[in-house]
Every structure is written in C-alpha cells, then in structure tokens.
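A quick note: this is a predicted structure, and the numbers were derived from the prediction, not measured.
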Amino acid sequence: ARIMMSILSATALLARRAAGRSNAAPSAFVGLRCRQFVTVPPPALQNNNERTKKALSFYHHQWRPTTRFSLGTMSSTAAPSSESNVAATSNSIVGIDWVRSSVVEVLNEIFDPVEIARGAAIAKLDGKKKKKKKKKKQPSAEEEQPKAEEEAPKIMSEEERSAIIAAAISNAKPFTTNDAMVTPATKPEFGDYQCNAAMSLAKSAGLNPRECAEKIVEALSPKLEGIMELPLEIAGPGFINLKFRDEYLRGALGVMAGDSNGRLAVPVTDNKKKIVVDFSSPNIAKEMHVGHLRSTIIGDTLSNLLSFAGHDVLRLNHVGDWGTQFGMLVEHLRDEFPEALRTETSQNVDLGNLVLLYKAAKQRFDADEDFKTRSREGVVKLQAGDAEALAAWESLCAASRVEYEKIYKALNIEGLNERGESFYNPYLKGVIEDLESQGLAVESEGATAVFLDGYTNRDGTPLPMLVRKSDGGFNYATTDLAAIRHRVQLDPSEGGENADRVLYVTDSGQSQHFEMVFAAATKAGFVSDDVASLEHVPFGLVQGEDGKKFATRSGDTVKLKDLLDEAVRIAGEDIKSRMDNPEEAELTDDLLEVAKTVGIGAVKYADLSMNRESNYKFSYGRMLSLNGNTAPYMLYAYARICGIVRKATGQSEDERLEWPETASEICITHDSEKQLIRNLVKLPDILSEVESELYPNRLCDYLFETSQKFNKFYENCSVNQAETPELKASRLSLCTVSAATIRLLMNMLGIPVVEKL
C-alpha cells in the first residue's frame with residue numbers, strides 16, 4: 001500500500017508537470033496573497049505527445065529565465081546564443097547572477113531532476129548500508145560476559161527502500177540558482193568565478209566529479225562564448241573556473257563609461273518587490289543620541305541600495321509616540337503650558353527644550369503622588385481619545401519632529417515616513433482576539449501571553465511573550481504583530497502595504513524579541529514564508545575608545561547632535577591647519593560645506609565600514625584619518641581623479657568638471673589596467689550581494705579595493721603622457737568609470753563627494 005501510494009504521488013506530480021499547470025489559487029482571505037509558481041516537466045517527459053509539446057513550449061517561455069543585462073534595464077529572455085553573446089556585450093554588462101542563471105539552464109537541460117533525486121536517495125541509502133564500523137578491541141576471556149539480549153540491527157525492507165526512493169522522486173524539483181553553486185573565484189589567478197555544481201551532483205548522477213564537470217562545461221561553453229575565455233578550465237577533481245575575456249572587459253567598460261552619469265549600466269531588477277525598511281525610531285520628547293546613529297544610517301543605506309536595484313521601497317520611522325510616559329507629559333503641560341491642550345492654540349506653543357521638559361515631568365512624577373495619580377489617569381484619557389490629551393500629545397510630537405528633522409538633514413536622510421506606535425493602536429484589539437481565538441494567547445499571572453516552543457527562562461520555565469498587561473495595556477510585541485499584519489496582510493486598497501520583504505533595523509539586543517514576534521506571527525497565520533520575508537537586521541554597540549559605553553565625562557549618553565557638531569569642528573580645524581596663517585584663517589562658505597561633508601561623512605563611513613553585528617570603538621582620530629578605509633580617504637580618491645581628468649583635459653579648477661566623451665576603443669596595455677577593469681565590472685555583483693545579505697560594510701570594502709586598484713593603475717599607466725591619443729582617451733574613460741563608481745556608492749552610503757579637497 002505504501003509503495004502504491006508513493007507511485008501514485010510521483011505519477012500525479014509528473015502529470016502536473018506535463019500539463020504545465022499553474023498551481024495558483026484564489027485567496028480565501030481579504031488582503032492575503034497566494035504566489036503563483038509554475039512546475040516544469042523534466043527531460044524524461046520530452047516526447048512527441050502533443051499535450052507535452054504544449055507543456056514544453058510553456059516551460060521554455062515561462063520558467064527559469066536567464067537574466068540578460070542591458071543598459072539601465074534587465075529583461076528575462078532565453079540564454080544568449082553563441083552568436084548573440086559578443087553582440088550583447090556592446091550594450092550590456094553581466095555579473096554573477098547572469099552566470100548562475102546560465103548554469104541553472106544547463107543543469108536543467110542535461111540532467112533530469114527526477115533521476116537526480118532518485119540517484120541522491122539511492123546514494124544516501126547505500127551509503128548508510130556500506131558504512132563501516134570501527135573495529136572494537138576483542139575482550140579478554142575474563143571480560144567476556146554473556147550480554148543481555150540486544151535488538152538485532154534493523155534491516156530495511158525492499159518495500160521501505162522503494163517507498164523512500166519514490167518519495168524523493170515525488171519531491172523532485174527543477175534546479176535553481178542554489179544548485180548552480182557559482183561563487184567569486186577565491187584567487188585572481190583562478191579567474192572571476194568558480195562553479196562547484198559538479199562536486200555536489202556527481203554522485204547523484206552516477207558520475208565522478210570530473211566527468212560531471214565535463215558534461216556541464218560542454219553544454220555551458222556555447223552560452224558563455226564571447227564573454228568567458230574558452231575552453232573553460234576544469235581544476236582539480238571538478239571545479240569549473242570562469243574568466244572574463246579581454247574583449248568582453250573592454251566592451252563592458254565602454255558601456256559603463258557611456259552611462260557614467262547614470263546607473264553605470266547596472267541593470268534594474270526584473271523581480272521587483274515591495275520592501276518596507278523600518279529604521280531610526282527615536283522617541284518623542286527625547287533627544288536622538290548616539291544609539292540612534294547606527295539604525296538611521298544602516299537603514300538609509302539599505303533603502304538607497306534597494307531603491308537603486310529597482311524595488312518599491314517604503315522607509316518607515318517607527319517612532320516611540322505612545323505609552324505610559326505620555327500621561328505624565330500631558331499632565332505636566334496642563335500645568336505649565338495650558339494652551340497646548342487646546343487644538344486652536346496648541347500649534348503656537350513653543351515647548352522649548354524637550355529634554356528639560358521631560359526631566360521636569362519625571363521629577364514631579366517621582367516626588368508628587370497626586371501628580372503621579374493624575375498622570376496614570378491621563379494615559380487612560382489619551383488612549384480613550386480625550387480631545388485635550390490628544391492636543392497636548394500632538395504638540396509634543398510636533399516639537400520633537402522639528403528637532404529630529406534637523407538631525408536627518410545633517411545626516412542627509414530623505415524620504416523617511418513617520419509611522420509611530422500610535423498608528424497601530426486601532427489594530428491591537430484585533431490582534432489579541434485573533435491570538436485568543438486560535439488558542440495562542442493565554443492568561444498568565446493576570447496578563448495575556450503567547451508561549452512559543454524553544455523559548456525558556458534561565459530556570460527552564462517557559463518564556464512568555466506578553467501581548468497584554470494585567471492592567472489591560474498593550475506591549476511592544478502587540479504593536480509589532482499589528483504592524484506585521486498591516487505591512488504584509490493588508491491590501492493597499494485597505495491602507496496596507498502587501499510587502500514582500502520587511503526589514504527591521506534595530507540593535508542586536510532586540511534579536512530575541514523579533515525572533516519571538518516573527519515566530520508568533522507565522523504561527524498565527526499573519527505571515528508565511530511564501531508570502532513575505534520578515535528579517536531582523538541587527539547591529540552592535542558604539543563604544544568609547546576604552547571599550548566601555550560611549551558616554552560624556554559625566555556619564556550621560558552622548559547626544560547625536562553634539563557628536564556630529566564635534567566631527568564638523570575637527571574637520572574644519574584640519575582644513576584651517578593646511579591654510580596660510582592658520583591661526584587667523586577663516587573658512588569660506590564653500591570650505592564650511594567641505595568641513596560638513598568630511599566631518600559627518602567620516603562618522604557615517606566609519607560606522608558603515610564595520611560589520612554591522614560587531615561593536616566598534618568610536619574615535620574621531622581614526623574616522624578623520626586620510627589613511628586607510630575612511631571617508632576622507634575615499635573623498636580624496638575621488639577628488640584626485642577629478643584633478644587628473646582636469647589636467648588631462650585642460651579644464652579650470654574654478655569650474656565644474658566636465659567628464660570627457662567615452663573612448664571609441666578601450667585599450668588594455670598593462671596588467672594594472674586589466675585588474676582595475678575586472679574589479680569595476682563586478683559592481684553588479686557587490687550590489688546583488690548586499691541586497692541579499694544586508695551588510696553595508698561590503699560596499700565600503702569594494703570602494704577601498706577600487707581606490708587601491710586605481711592607485712596601482714595610475715602608478716603604472718600615465719594618463720596625460722599616454723603614448724597615443726587613443727590610449728589617452730581609453731585611460732580617461734577608465735578614470736571616468738572609477739570616479740563614477742566611487743560617486744555612486746558614496747551617495748548610496750549617504751555621503752556626497754567633492755571635486756576638490
């Protein structure tokens with residue numbers, strides 16, 4: 001019976017593949033989406049049956065597109081033929097994603113996923129059977145005692161073996177980019193990319209790794225002709241090395257130079273997604289401090305990159321504008337600024353220093369029992385929608401907004417949409433009701449909590465995730481669950497986002513909180529992996545140079561405004577020190593702007609250049625250094641290239657630089673030229689990597705590597721004194737693309753560049 005059920009299951013799967021049907025189903029829930037996917041017939045079904053021919057036609061046109069890169073766009077087409085590859089390079093650049101797609105196409109052409117699944121199952125079963133046991137030392141006569149009855153090793157029946165194999169076949173799927181196993185080459189001498197697919201497929205395909213690699217190379221070579229050097233090299237037991245042809249490198253650089261003021265020929269994604277990035281999140285009535293720096297600039301950088309890739313990005317500022325502290329603040333305003341409680345006059349109230357206001361209210365709350373009682377009652381009034389309480393609350397929000405907008409302007413943060421905790425207040429009750437109706441939220445010591453498998457306290461007792469306090473108030477988890485429903489489940493027509501991906505950029509101390517929230521949301525059906533991806537983007541702490549908490553001498557938290565002002569001051573002093581008579585020198589308006597760019601850019605770059613999950617020690621000296629992977633170094637590298645181009649083209653330093661026309665032919669006459677071009681054409685790879693893995697420091701690493709390779713090029717290849725006009729034009733185009741790459745990525749980091757430094 002088991003065998004028959006497995007065979008029927010596998011047969012049904014193959015029949016569905018042959019029919020080429022879409023398995024999409026209409027959603028039964030308002031606002032919830034089901035994603036369409038298309039199953040694919042394996043080569044075993046490629047016969048002359050008319051129905052199968054139609055399925056194959058659908059298969060070749062609707063599934064596993066190969067990415068063809070073109071200037072500023074990306075379309076999904078069949079893999080380029082050998083005849084079209086060379087022509088394609090005249091207006092496109094390709095990267096690792098294109099190579100992966102080409103390998104995936106080859107794997108699906110030459111291997112049957114069903115047979116590979118069968119082979120993998122058999123190899124695993126046979127591997128277990130043949131596994132040798134270590135020889136045990138023979139016991140002495142004295143040691144040898146009659147053992148108790150032992151269970152004989154279980155021998156798998158043929159029926160069980162067949163059922164396992166049939167189950168593996170029924171789960172067979174076409175190859176994907178994960179199966180391609182294409183990675184950047186580990187060393188430049190190995191080429192640009194390495195394909196390791198043969199190593200993992202060989203045993204399942206009944207081949208040795210080198211034989212498997214030879215089959216892949218035979219089918220892959222025509223697709224890569226004109227782009228990669230042929231014949232493709234098979235190294236060691238079955239590693240396939242791929243290296244760009246010089247002709248392709250020259251063409252790719254020309255395309256990038258022609259788009260130097262745009263996208264540098266980096267394609268827009270053909271898989272556009274709606275992505276929500278939740279970052280910054282300051283608290284109302286409190287100043288932004290150094291702790292807000294990392295979330296703000298990491299979130300902004302990721303948003304910039306995802307927008308550049310072509311995704312629909314919504315930047316959300318989940319401000320802390322709701323909670324018990326607002327009852328205290330409202331009652332303090334009632335006594336000190338009564339006009340703030342009337343809608344018609346609240347907008348005209350100057351609340352002054354909000355930090356002092358908050359401290360004064362907190363002192364009264366701690367010392368005055370009558371005020372404490374009024375404050376608690378004020379929270380209830382605010383949550384109930386009392387007009388006076390709401391007017392005072394809105395005054396506080398408006399005053400806070402003015403202050404943190406100054407910080408955002410200094411940090412060059414744009415397009416951030418405020419959507420605070422209060423926004424989700426109307427949805428909280430529904431979250432609790434849904435959790436309770438599913439039996440997920442239960443009473444716990446007077447409060448309401450969700451208990452999730454795998455989460456325990458230190459003593460081993462279950463760790464509750466509170467969603468409602470004993471007094472009826474709600475918790476952060478409740479707000480976050482409501483936000484997930486709004487961002488993922490709710491359709492735009494109902495005010496939601498229908499997001500495909502939601503990123504939460506907060507400190508690593510909140511990792512467990514988000515793990516539990518995401519787990520609860522999945523368990524409750526608020527989200528599923530095939531609908532949307534919820535991702536926590538954690539970051540470490542900013543520390544002082546002593547490795548302790550970064551604080552003022554008095555121990556207070558460093559205000560973000562003070563930190564940025566000090567960086568600008570130090571940068572300005574450094575500029576003055578390079579001027580004639582520095583003690584009496586004054587910075588012009590232009591130089592003041594340069595000081596701001598360098599100072600604030602140094603703070604941002606130093607943070608973003610670190611692995612975001614690591615803590616780092618804050619040091620103005622290291623940040624503002626002209627040596628190493630710093631913002632001043634990168635700004636200088638850009639300004640230096642501008643100076644080289646000015647000199648070579650005879651342009652005045654007093655005018656904005658005009659970049660030269662693209663050379664009619666790109667020349668490679670020295671290895672340093674070639675290595676720089678190889679690095680530049682991999683720009684799509686680094687952008688794709690950061691889009692997937694969300695580590696901005698890799699942009700900084702790529703920037704630093706680019707500047708170093710440019711330095712080696714300039715040391716060995718004169719631009720102004722090039723041997724021929726054609727070679728000079730070619731090297732100017734290489735300068736143009738190098739500068740444009742630095743400019744593009746620095747802007748992505750939120751740091752403007754300057755032509756003179």
TODO: Give the C-alpha distance, both sets of side-chain angles, the deciding distance and a yes or no for side-chain contact (heavy atoms from CB on, under 4.5 Å) between Ile644 and Phe710.
DONE: CA-CA 12 Å; Ile644 292 168; Phe710 180 86; 3.9 Å; yes
Open item on the list: Under the criterion side-chain contact (heavy atoms from CB on, under 4.5 Å), I'd like the reasoning laid out for Leu635 against Tyr605: C-alpha separation, chi angles, the key distance, then a yes or no.
Closed with: CA-CA 11 Å; Leu635 291 169; Tyr605 193 95; over 6 Å; no
- [ ] Output, in order, the C-alpha distance, side-chain angles, deciding distance and verdict of side-chain hydrogen bond (donor to acceptor under 3.5 Å, both in side chains) for Gln510 and Asp507.
- [x] CA-CA 6 Å; Gln510 299 186 51; Asp507 67 274; 3.1 Å; yes
- [ ] Begin from the C-alpha positions of Tyr616 and Asp607 and carry the test side-chain hydrogen bond (donor to acceptor under 3.5 Å, both in side chains) through to its verdict.
- [x] CA-CA 8 Å; Tyr616 76 91; Asp607 190 299; 2.8 Å; yes
TODO: Step by step, work out the ring-ring contact (aromatic ring centres under 6.0 Å, His included) result for His486 and Tyr427.
DONE: CA-CA 9 Å; His486 188 273; Tyr427 303 97; 5.5 Å; yes
Open item on the list: Apply side-chain contact (heavy atoms from CB on, under 4.5 Å) to residues Phe713 and Gln675 and explain how you reach the verdict.
Closed with: CA-CA 8 Å; Phe713 151 73; Gln675 297 310 319; over 6 Å; no
TODO: With ring-ring contact (aromatic ring centres under 6.0 Å, His included) as the test, would you mind laying out the steps for Phe618 and Tyr620 before giving the verdict?
DONE: CA-CA 7 Å; Phe618 191 95; Tyr620 287 113; 4.9 Å; yes
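When atom types are taken as modelled, the side chain of Asp546 and the backbone of Lys548 share a donor-acceptor pair closer than 3.5 angstrom. Formation of a donor-acceptor pair under 3.5 Å by the Ser295 side chain with backbone atoms of Val505 is found in this model. Within the 3.5 Å criterion, the main-chain N or O of Leu541 finds a donor-acceptor partner in the side chain of Asn615. For Thr478 (side chain) and Val467 (main-chain N/O), a donor-acceptor pair under 3.5 Å exists by modelled atom type. Not one N or O on the side chain of Asp300 forms a donor-acceptor pair closer than 3.5 Å with the backbone of Ile413. One N or O on the side chain of Arg263 and one on the backbone of Phe308 form a donor-acceptor pair closer than 3.5 Å. In this structure, Ser307 contributes its side chain and Asn304 its backbone to no donor-acceptor pair below 3.5 Å. Thr630 places no side-chain N or O within donor-acceptor distance of the main-chain N or O of Leu624, the cut-off being under 3.5 Å.
Scanning for ring pair (Phe, Tyr, Trp, His ring centres under 6.0 Å) contacts around Tyr702 gives an empty result, with sequence neighbours left out. Checked against ring pair (Phe, Tyr, Trp, His ring centres under 6.0 Å), His289 has the following partners two or more places apart in sequence or in another chain: His292. For Asp480, there are no salt bridge (charged side-chain N to carboxylate O under 4.0 Å, His left out) partners at least two apart in sequence or on another chain. The salt bridge (charged side-chain N to carboxylate O under 4.0 Å, His left out) search around Glu653 returns none, not counting sequence neighbours. With sequence neighbours left out, the ring pair (Phe, Tyr, Trp, His ring centres under 6.0 Å) criterion links Trp322 to Trp393.
Counting only N and O atoms by type, the side chains of Ser609 and Asn629 include no donor and acceptor under 3.5 Å apart. For the residue pair Tyr408/Asn317, the side-chain donor-acceptor check at 3.5 Å is satisfied.
Between the OG atom of Ser281 and the OH atom of Tyr404 there is a distance of 10.0 Å, given to the nearest 0.5 Å. Atom CG of Leu302 sits about 11.0 Å away from atom OH of Tyr695, to the nearest 0.5 Å. Distance check: Lys272 NZ to Asp312 CG gives 5.5 Å after rounding to the nearest 0.5 Å. Atom CG of Leu396 and atom CZ of Phe326 lie 6.5 Å apart (nearest 0.5 Å). We find the CZ-CD distance between Arg743 and Glu755 to be 8.5 Å, quoted to the nearest 0.5 Å. Atoms CZ and OG1, on Phe423 and Thr479 in that order, are 12.5 Å from each other to the nearest 0.5 Å.
For the pair Thr706 and Leu676, the tightest heavy-atom approach, listed with the atom from each and the gap, is O-CD1, 4.0 Å. The shortest heavy-atom contact between Leu703 and Ile742 is CD2-CA, 3.6 Å. Among all heavy-atom pairs drawn from Val681 and Pro684, the shortest one is O-CD, 3.3 Å. When all heavy atoms are compared, the tightest approach of Asp321 to Ser422 is OD2-OG, 2.7 Å. Across every non-hydrogen atom of Leu264 and Ile93, the tightest pair is O-CD1, 3.8 Å. When every heavy atom of Pro492 is checked against every heavy atom of Glu497, the shortest pair comes out as CG-O, 4.2 Å.
Atom NZ of Lys712 sits in a sparse spot, with 12 or fewer heavy atoms from other residues, nucleotides or ligands closer than 6.0 Å. Around atom CD of Glu693, more than 12 heavy atoms belonging to other residues, nucleotides or ligands sit under 6.0 Å away. Dense packing is recorded around CG of Asn417, with more than 12 heavy atoms of other residues, nucleotides or ligands lying under 6.0 Å away. Surrounding NZ of Lys561 are at most 12 heavy atoms belonging to other residues, nucleotides or ligands under 6.0 Å away.
Residues Leu534 and Arg487 form no side-chain contact, since every pair of their non-hydrogen atoms from C-beta on lies 4.5 Å or further apart. At a threshold of 4.5 Å between non-hydrogen side-chain atoms, the residues Leu452 and Glu515 do not count as touching. Considering only heavy atoms from C-beta on, Leu745 comes within 4.5 Å of Leu687 through its side chain. A heavy-atom distance below 4.5 Å is not found between the side chains of Ile298 and Thr301. Counting heavy atoms from C-beta outward, Glu287 and Leu560 have side chains that stay 4.5 Å or more apart. With contacts defined as side-chain heavy-atom distances shorter than 4.5 Å, the pair Ile484/Val502 does not qualify.
The residues Glu593 and Lys596 are annotated as salt-bridged, a charged nitrogen and a carboxylate oxygen being separated by less than 4.0 angstrom. Between Arg578 and Asp574 there is a salt bridge, since at least one side-chain N of the basic residue sits less than 4.0 Å from a carboxylate O of the acidic one. Using a 4.0 Å cut-off between charged side-chain N and carboxylate O, Asp97 and Arg100 make a salt bridge.
Ring geometry, Tyr193 versus Phe244: the interplanar angle exceeds 60°, so the pair is classed perpendicular (tilted spans 30 to 60°).
Cation-pi check for Arg612 over Phe539 is not met; the charged atom does not lie both under 6.0 angstrom from the ring centroid and within 45 degrees of its normal. A cation-pi arrangement is absent between Arg315 and Phe279 under the rule of less than 6.0 angstrom and at most 45 degrees off the ring axis.
Close placement of the Tyr504 and Phe518 rings is indicated, their centers lying within 6.0 Å of each other.
Residue pairs meeting the ring pair (Phe, Tyr, Trp, His ring centres under 6.0 Å) criterion with at least one partner in residues 621-641, sequence neighbours excluded, are Tyr633-Phe704.
Test Lys274, Arg501, Glu691, Lys273 against His311 for side chain to side chain donor-acceptor pair (under 3.5 Å) and you get one pass: Glu691.
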